[in-house]
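Letters A, B, ... mirror the listed sequences (proteins, then strands); counts begin at 1.
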Number of protein chains: 2
Amino acid sequence: MPKAKYDDIYRDLKERIEREEYAYQSLLPSENELSARYACSRNTVRRAIAQLVTDGYVQSMHGRGVRTIYQPVEQAAFTVGGIESFKESAERNHRTASTEVLAFEHVVADDKLAARTGFEPGTPLTYILRLRSLDGEPLILDHNYFRTDVAKGLTPEIARRSVYDYLEGELGLVITTSKRTMTVEKVAAQDRKYLDLKGYNCLAVITGQTYDDRGIQFEWTQSRHRPDYFRFQDVATRNRPGV
Amino acid sequence: MPKAKYDDIYRDLKERIEREEYAYQSLLPSENELSARYACSRNTVRRAIAQLVTDGYVQSMHGRGVRTIYQPVEQAAFTVGGIESFKESAERNHRTASTEVLAFEHVVADDKLAARTGFEPGTPLTYILRLRSLDGEPLILDHNYFRTDVAKGLTPEIARRSVYDYLEGELGLVITTSKRTMTVEKVAAQDRKYLDLKGYNCLAVITGQTYDDRGIQFEWTQSRHRPDYFRFQDVATRNRPGV
DNA sequence: GCCGATTTGTCCGTATGTATC
DNA sequence: CGATACATACGGACAAATCGG
């Protein structure tokens with residue numbers, strides 16, 4: 001596939017910032033200098049920098065330059081970031097993952113389920129309930145509804161390994177957008193049944209819808225995390241063109 | 001200030017999508033059509049659309065068009081979104097806010113505090129502890145450290161009203177980037193003292209650093225929310241140029 | 001305070017590639 | 001296959017903010 005030049009530049013700059021070649025609070029080379037260095041137009045450099053801004057790595061200052069605001073973080077817990085599967089998260093957090101499939105059913109969305117999940121009423125769905133463990137400790141209870149016609153051929157065995165690997169690898173599905181809501185909820189009987197709650201009476205809950213590259217919602221998820229192993233990161237920038 | 005054309009287009013499209021003039025799952029007019037309609041270049045239209053993509057409003061499909069994936073949400077709880085003050089959040093959520101200042105002190109960052117907050121050791125800081133109530137109910141306990149040399153002239157009275165109004169309005173500070181981490185923590189004695197916890201033994205905690213337009217971190221915050229009035233929203237998109 | 005050099009911000013027009021229909 | 005639509009990239013122009021002399 002066609003490698004994008006702005007993405008190469010983005011990655012290169014990102015890596016240099018992480019290595020602290022460009023230290024916290026220092027300025028990057030100017031856009032003109034970078035466009036000379038990477039042998040590209042200024043627009044292409046600007047695009048790479050824009051990415052770094054949304055990552056919270058740098059900040060542009062009109063007339064002054066681009067300052068790095070990247071500080072390495074120690075992350076003790078299980079950090080949730082972009083779009084990734086449980087398996088990918090576990091690997092990124094250097095933990096050993098295992099999954100037990102507790103339920104695997106085919107259902108059709110009724111009005112109530114449709115309203116909750118965002119699917120159209122009548123949509124055929126595959127429901128999966130899984131218990132996720134890290135380093136042998138059961139920490140996350142995962143509810144999933146997949147559109148059966150998009151996520152074709154799912155089996156309990158695939159659910160145990162990695163649904164995302166299957167969807168992307170076997171079906172060629174391209175996962176693009178994920179809308180998520182973080183809340184904290186009191187534990188339910190089902191949570192208590194599977195998770196060792198260590199005295200907590202609530203859970204960190206991520207509820208989300210996932211879309212493929214055609215803009216079709218193919219998944220609704222609710223992940224219920226034991227609080228002590230949970231961390232969600234975010235960078236917000238205030239857009240003010242005009243003011 | 002200079003209004004940006006791409007931002008006008010962005011706002012116009014956004015409003016049309018919210019009004020469902022462009023319905024969920026429908027296609028926007030093509031980029032060429034939009035550039036003709038708004039009398040601008042295709043680049044400018046693309047920039048507006050890129051904004052809508054990061055907002056989770058639309059999704060571009062190579063060779064096909066741009067599909068809206070916006071679904072209106074009912075939000076019962078107190079939703080946290082971009083960068084905004086408690087006062088702004090309260091207004092957006094249509095609730096009446098009040099604030100009680102529980103502590104207001106000047107301190108200097110020692111090594112431990114510096115490591116926790118991201119400030120340099122030795123930085124003079126203003127510490128503020130506030131109890132936030134919505135519709136008369138105490139729901140949030142807010143810890144703030146402000147760089148004293150940036151947030152000059154803070155007083156308890158300003159802390160009671162709105163520090164952000166003061167910083168932006170009086171000092172002309174431009175708040176730009178905010179890095180946040182969401183966790184769930186067990187309640188501490190201090191939380192219990194001020195908040196009516198309704199049986200919850202944990203809190204939703206947002207910890208964050210805020211930077212001004214010069215890339216200077218001027219604030220460290222920890223907001224401790226009673227769980228039932230808390231909701232955090234997020235849209236993630238998977239960037240895959242090249243693949 | 002002014003002026004010029006530097007740097008980022010906005011916008012345009014064009015060309016080419018690639019995916020879809 | 002051609003037409004349409006989005007993706008990437010270039011080069012140029014001018015505006016606006018900053019900084020040094």
Side-chain angles (χ1 to χ4, degrees), chain A residues 1-11 13 26-54 58-69 172-174 176-177 212-216 237-243, chain B residues 1-11 13 26-54 58-69 172-174 176-177 212-216 237-243:
Chain A
M1 299 309 181
K3 288 207 296 180
K5 196 181 283 189
Y6 76 87
D7 193 58
D8 290 341
I9 299 171
Y10 160 69
R11 280 190 231 265
L13 289 174
S26 66
L27 298 182
L28 296 190
S30 77
E31 295 175 353
N32 282 322
E33 203 172 324
L34 289 173
S35 65
R37 179 180 306 180
Y38 291 109
C40 67
S41 73
R42 208 187 121 211
N43 275 335
T44 303
V45 166
R46 283 180 61 73
R47 191 155 172 195
I49 291 174
Q51 280 274 16
L52 295 170
V53 170
T54 70
V58 303
Q59 195 163 293
S60 306
M61 300 175 291
H62 196 164
R64 283 227 275 281
V66 177
R67 174 169 290 164
T68 83
I69 57 172
L173 193 69
V174 179
T176 304
T177 305
D212 68 8
D213 62 337
R214 307 168 67 103
I216 304 296
T237 52
R238 192 174 267 205
N239 296 344
R240 35 172 67 240
V243 152
Chain B
M1 297 317 181
K3 288 208 294 182
K5 196 180 286 191
Y6 76 87
D7 193 57
D8 289 342
I9 299 170
Y10 160 69
R11 279 190 233 266
L13 289 174
S26 66
L27 297 182
L28 295 190
S30 77
E31 295 176 353
N32 282 322
E33 202 173 324
L34 289 174
S35 65
R37 179 180 306 180
Y38 291 110
C40 68
S41 74
R42 212 188 119 213
N43 275 335
T44 304
V45 166
R46 281 181 62 73
R47 192 155 171 193
I49 291 175
Q51 280 275 13
L52 294 170
V53 170
T54 71
V58 304
Q59 196 163 292
S60 306
M61 300 175 292
H62 197 161
R64 283 227 274 281
V66 177
R67 175 169 289 164
T68 82
I69 56 171
L173 193 69
V174 178
T176 304
T177 306
D212 69 9
D213 61 338
R214 305 168 69 106
I216 303 299
T237 53
R238 191 173 269 207
N239 297 344
R240 36 173 65 242
V243 153

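- For the pair B/T44/B/S35, no side-chain contact is recorded, criterion being any heavy-atom separation below 4.5 Å from C-beta on.
- If you find the closest nucleotide of DNA chain D to B/G65 and to B/R214, the one lying nearer the 5' end belongs to B/G65.
- Of all nucleotides present, only C/dC21 satisfies the Watson-Crick or G-U wobble test against D/dG2, with each distance under 3.5 Å.
- With rounding to whole Å, A/R47 atom CZ is found 18 Å from C/dT8 atom C1'.
- Along DNA chain D, the nucleotide closest to B/R64 and the one closest to A/R64 are compared, and the more 5′ of them pairs with B/R64.
- If you take CG of B/L34 and C1' of D/dA5, they are 12 Å apart, rounded to a whole angstrom.
- If B/R42 and B/G63 are placed on DNA chain C by their nearest nucleotide, the residue sitting closer to the 5' end is B/R42.
- Considering only the side chain of B/S41, C/dC11 comes nearest among C/dC11, D/dA9, C/dG9.
- Note: OH (B/Y38) to C1' (C/dC12) measures 19 Å, nearest angstrom.
- A distance of 11.5 Å separates CD in A/E31 from CD in A/E33, rounded to the nearest 0.5 Å.
- For the pair B/Y10 OH and C/dT10 P, the interatomic distance rounds to 14 Å; values are reported in whole Å.
- For A/A4, the side-chain atoms get nearest to D/dT8 when compared with the rest of D/dA7, D/dT8, C/dT10.
- Rounding to whole angstrom units, CG of residue B/N32 and P of D/dC6 are separated by 7 Å.
- Where A/D213 and B/K5 meet DNA chain C, the nucleotide closest to each residue was compared, and B/K5 sits on the side nearer the 5' end.
- In this structure, CG of B/N43 is placed 15 Å from P of D/dG11, rounded to the nearest angstrom.
- Contact between the side-chain N/O atoms of A/Y6 and the OP1/OP2 oxygens of D/dT8 is found at a separation under 4.0 Å.
- Side-chain atoms of A/R67 come within 3.5 Å of backbone atoms of B/R214 as a donor-acceptor pair (strictly under, hydrogens ignored).
- Two residues are said to be in side-chain contact when any heavy atoms from C-beta on lie closer than 4.5 Å; B/R64 and B/L27 fail this criterion.
- For D/dC10, one of the phosphate oxygens OP1 or OP2 lies less than 4.0 angstrom from a side-chain nitrogen or oxygen of A/T44.
- Counting to the nearest Å, the C1' atom of C/dT7 and the CD atom of A/Q59 are 16 Å from each other.
- Protein atom CG of A/D7 is 9 Å distant from nucleotide atom P of D/dA9, rounded to whole Å.
- Side-chain atoms of B/D212 and B/V174, non-hydrogen and from C-beta on, never get closer than 4.5 Å to each other.
- Counting atom types as modelled, B/H62 pairs no side-chain N or O with a base atom of C/dT20 as donor and acceptor under 3.5 Å.
- Counting non-hydrogen atoms under 4.0 angstrom, B/R46 reaches a base of the nucleic acid.
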